[in-house]
Chemist: 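I am attaching a structure below and will ask some questions about it afterwards.
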Amino acid sequence: MSKFSAPKGVKEYFPPDSHKFEFVRDGLLFPARVAGYQLLELPVFEDTEVFARGVGASTDVVTKEMYTFDDRGGRSITLRPEGTAGAIRAVIEHGLDKGQLPVKIFYQGAFFRAERPQAGRYRQFYQVGIEAIGYQDPEIDVEVISIADQGYRKLGLKNFQLEITSLGDLQSRTAHKKDLMSFIGKLKLDEATLERAKLNPLRLFDDKREEIKQSMKDAPVLLDYLSKESAAHFNRVQDLLKSLSIPFTINKKMVRGLDYYTGTTFEFTHSLLGAQSGIGGGGRYDGLMSLLGGKEMSGIGFGLGIDRTILALEAESINIKNQNYLHIYFVPLGETAKQTAFELCVALRTREISADMAYGDRGLKGAMNAADKSGATFVAVIGDEEMKTGKVTLKNLRDGSTELVNLSVEDLTRFVEKIRITSKSK
RNA sequence: GUGGGCGUAGCUCAGCCGGUAGAGCAUUCGGUUGUGGUCCGAAAUGUCGCGGGUUCGAUCCCCGUCGCUCACCCCA
C-alpha cells in the first residue's frame with residue numbers, strides 16, 4: 001500500500017493502457033483539424049466570473065460543482081468546469097473575432113467538477129472541444145455536429161445516437177417561458193424543485209423522478225414556440241443532416257446543463273453505458289460573446305468526453321491497438337557490449353530509428369523476454385563474438401528470420417529503413 | 001449532498017463455525033556459458049484500509065472512520 005493515493009474521483013491513464021487515451025483524443029480531434037480548426041491552448045483556471053457569468057447562475061455546474069478558491073492575491077479563481085466560456089474569453093481578449101470569420105478553434109484537456117464520482121463521472125475529466133464563431137449559417141451547425149459524428153465513427157464506435165433540438169431565439173424562448181411558467185404554477189412541487197424552476201423552468205423537463213415526469217408530460221415544449229426564423233433555421237439543419245446521412249432524432253424535451261445555449265443544441269449518447277450515457281454534446285450560443293464583454297456574435301461548439309468515449313469503446317469490445325513501436329532491441333552480454341549497445345541506441349534514435357536495450361545486466365533469457373515484451377521488430381544480441389567480428393545477427397521477432405548485419409549505426413539504419421520501405425509498399 | 005455494495009500480494013480474487021494467510025496472472029531467476037513467445041521448477045512480495053471494542057485469541061463478530069464503487073442528482 002502506498003502512502004499516497006490520487007485525489008478522490010480522478011481518473012488516471014497509465015501504461016500499458018494509456019495509448020487508448022491518446023488514440024481517442026487524437027481520433028476525436030482529427031476531423032476538426034481537416035475542417036480547418038486550429039489549436040487554442042487555454043489555462044485550466046480562470047477568473048471565477050468567467051464561468052459564473054458565462055455558464056449561468058441557475059446551473060448546477062456553477063452553484064455546486066465548481067472548484068473555486070482564492071489565489072495569493074485574493075483573486076477568486078475557478079478550475080474550468082467546461083471549455084466554451086474560457087474559449088470565448090480568450091477569443092474576445094485576443095481579438096480573434098476581429099479577423100476573418102468564422103473563428104474556428106479546437107481545444108483539449110482536463111476539466112474539473114466537484115461531483116460525487118461514479119461510473120463515467122470524474123472530478124477531473126477530459127474533453128476535446130471545438131468552437132466556430134461569427135456566422136449563423138445552418139451549415140456551420142451541421143459542420144460542428146458532423147465533426148463529432150465523424151470523430152466517433154473514426155474510432156470505430158457504433159452504438160451511439162444523436163439527439164437534437166432547438167432552443168430558439170430570444171423571442172421564441174420568451175413566448176414559451178410565459179406558458180411554461182403558468183403550467184408549472186399549477187403543479188404541486190416541493191421547495192427545492194420550485195426554486196430550480198424559477199431560475200430555469202426548462203430544467204424540470206430533465207427531472208428523472210416519475211411523478212415529475214408524469215406531471216411534465218403535457219407541458220408546453222419550446223419547439224412549438226419557435227419563431228419563424230428559428231424554425232426555418234432548425235428545419236434547414238435537419239435537411240442538411242439528412243443530406244449528409246447523419247442519423248438523428250428530435251428530442252423535444254432535451255435540456256442542456258449550461259445556460260448559454262440557444263438555437264440548435266445536440267447530444268450524443270451511447271446505449272451501452274450506464275447512467276452517465278452522454279458522450280458528447282453542444283450547441284449554439286447567441287448571447288455568450290456579449291455576456292463576456294465582446295460584441296454580439298453567435299457561435300456554436302461541442303465538448304466530447306474522452307473518458308466516456310473510452311468506456312463506450314470498451315463496452316463495444318473495440319480493441320485499440322498500441323500504436324507505439326520499437327524497431328530494435330539490443331541485448332548486451334558483458335560490460336563492453338553494454339556500452340556499445342547503449343551508444344548504438346542513442347545514435348539510432350537521432351536518426352529516428354526507435355531503439356531500446358536491456359538494462360540491469362540481465363541474463364540472455366530474461367533479456368530476450370524483455371525484448372519480446374517491448375514489441376520490438378528486431379532483436380540484436382551483442383556479446384564477445386559480435387564485438388570481435390563486428391557483425392551482429394538481427395532476428396525478426398515476428399517471423400523468426402535472421403540476417404547478419406555490420407555492427408555500425410550506418411548499416412543498422414540502412415537495414416531498418418529498407419525493411420520499413422518494403423513493408424510499407426505491401 | 002442522499003442511499004446500496006465492497007476494502008486480503010502489483011492485478012483478479014479465495015480464506016468454512018474466530019486459532020495471526022493462500023491461488024491464478026504479473027515480476028525475477030533456473031531447466032538451456034549465445035537467441036524470445038510454450039512447458040517445467042524456484043524465489044520474492046502482505047501493518048488482511050485505519051482506529052477502537054468483544055474475546056485467552058480477530059482477516060473473520062460489533063462500532064467508528066477513511067477509501068473505492070454503483071445509483072440518485074447532474075452531466076462529458
Side-chain angles (χ1 to χ4, degrees), chain A residues 1-11 14 16-17 24 28 55 58-65 80-84 108-129 148 192-193 196 203 206-210 212 254-258 267-270 273-282 302-312 329-334 337 358 360-387 392-402:
Chain A
M1 275 309 132
S2 67
K3 199 169 172 185
F4 296 109
S5 54
K8 185 185 179 74
V10 306
K11 172 79 178 161
F14 45 87
D17 291 331
V24 169
L28 289 176
V55 175
S58 86
T59 63
D60 281 16
V61 169
V62 170
T63 53
K64 49 189 192 195
E65 294 170 3
R80 60 182 182 190
E82 59 96 53
T84 302
Q108 144 278 315
F111 296 85
F112 308 85
R113 288 182 202 173
E115 298 179 276
R116 191 78 171 262
Q118 185 182 333
R121 187 170 79 186
Y122 310 110
R123 292 186 167 180
Q124 174 170 335
F125 57 98
Y126 295 87
Q127 276 187 203
V128 304
T193 313
R196 263 196 320 156
R203 235 157 257 298
D206 213 20
D207 208 302
K208 278 175 192 156
R209 288 172 295 183
E210 249 338 289
I212 306 280
M254 182 167 77
V255 181
R256 302 285 308 157
L258 313 175
E267 232 168 57
F268 286 90
T269 57
H270 193 274
L273 293 182
Q276 309 303 323
S277 60
I279 55 175
F302 66 57
L304 311 181
I306 297 177
D307 314 273
R308 287 187 189 171
T309 302
I310 293 171
L311 291 175
Y329 194 94
F330 291 101
V331 174
L333 301 171
D361 303 315
R362 303 181 66 170
L364 180 67
K365 177 162 184 152
M368 284 302 290
N369 241 306
D372 195 34
K373 273 163 196 150
S374 77
T377 314
F378 296 102
V379 65
V381 178
I382 304 177
D384 293 344
E385 204 182 312
E386 285 77 10
M387 294 300 286
V392 66
T393 302
L394 282 181
K395 180 170 182 176
N396 187 319
L397 286 172
R398 311 241 193 284
D399 59 21
S401 63
T402 60

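Chain naming here is simple, since letters A, B, ... match the order of the sequence lines and numbering starts at 1 in each.
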Chemist: For G1(B), which nucleotide is its Watson-Crick or G-U wobble mate, given both distances must be under 3.5 Å?
Modeler: C72(B)

Chemist: Does the structure show a Watson-Crick or G-U wobble partner for U65(B), both distances under 3.5 Å? Name it, or say none.
Modeler: G49(B)

Chemist: With both distances kept under 3.5 Å, what pairs with G22(B), Watson-Crick or G-U wobble?
Modeler: C13(B)

Chemist: Report, as a single string ordered 5' to 3', how protein heavy atoms within less than 4.0 Å touch nucleotides 67-76 of chain B: B base, S sugar-phosphate only, - not at all.
Modeler: -S-SBBBBBB

Chemist: Could you give the distance separating U59(B) and A9(B) at their P atoms, to the nearest angstrom?
Modeler: 14 Å

Chemist: Using the C1' atom as the reference point in each nucleotide, state the distance between A44(B) and U2(B) in Å, no decimals.
Modeler: 46 Å

Chemist: How about Leu258(A) and Thr84(A): do any of their side-chain heavy atoms sit closer than 4.5 Å?
Modeler: no

Chemist: Please list, pair by pair, any protein nitrogen or oxygen found under 3.5 Å from a nitrogen or oxygen in nucleotides 41-45 of chain B.
Modeler:
none

Chemist: Contact class for Lys373(A) (heavy atom, under 4.0 Å): base, sugar-phosphate, or nothing?
Modeler: sugar-phosphate

Chemist: What interatomic distance, in whole Å, is found between P of C16(B) and the corresponding atom of C75(B)?
Modeler: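 Roughly 46 Å separates the two P atoms.
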
Chemist: Roughly how far apart are Ile306(A) CD1 and Phe111(A) CZ, rounded to 0.5 Å?
Modeler: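 Going from CD1 on Ile306(A) over to CZ on Phe111(A), the span is 9.0 Å.
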
Chemist: Between G64(B) and U54(B), how far is it from one C1' atom to the other, in whole Å?
Modeler: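 Comparing C1' positions in G64(B) and U54(B) gives a spacing of 15 Å.
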
Chemist: Determine the interatomic distance between C1' on C61(B) and the same-named atom on G24(B); round to the nearest Å.
Modeler: 30 Å

Chemist: Over how many whole Å does the gap from Met368(A) atom CE to U28(B) atom C1' extend?
Modeler: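 It works out to 18 Å between those atoms.
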
Chemist: Under 3.5 Å, is there any donor-acceptor pair linking the side chain of Lys365(A) to the base of G37(B)?
Modeler: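 By the distance-only test, no, there is no pair.
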
Chemist: Between Glu385(A) (CD) and U33(B) (P), how many Å, whole number?
Modeler: 15 Å

Chemist: Can you measure from CG (Leu333(A)) to CG (Asp384(A)) and round to the nearest 0.5 angstrom?
Modeler: 8.0 Å

Chemist: Measure the distance from CZ on Arg362(A) to C1' on G36(B) and round it to the nearest whole Å.
Modeler: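 Between C1' of G36(B) and CZ of Arg362(A): 12 Å.
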
Chemist: Mind running side chain to side chain contact (heavy atoms under 4.5 Å, CB included) on Arg308(A) and Arg121(A) for me, showing each step along the way?
Modeler: CA-CA 8 Å; Arg308(A) 287 187 189 171; Arg121(A) 187 170 79 186; 4.2 Å; yes

Chemist: Grab the OH-C1' distance between Tyr329(A) and G36(B) for me, whole Å please.
Modeler: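 For the pair Tyr329(A) OH and G36(B) C1', the rounded distance is 11 Å.
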
Chemist: Indicate, with a heavy-atom threshold strictly under 4.0 Å, whether Gly400(A) touches base, sugar-phosphate, or nothing.
Modeler: base

Chemist: Just name whichever nucleotide pairs with C60(B), Watson-Crick or G-U, keeping both distances under 3.5 Å, else none.
Modeler: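 The base-pairing partner of C60(B), which may sit in any strand shown, does not exist here.
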
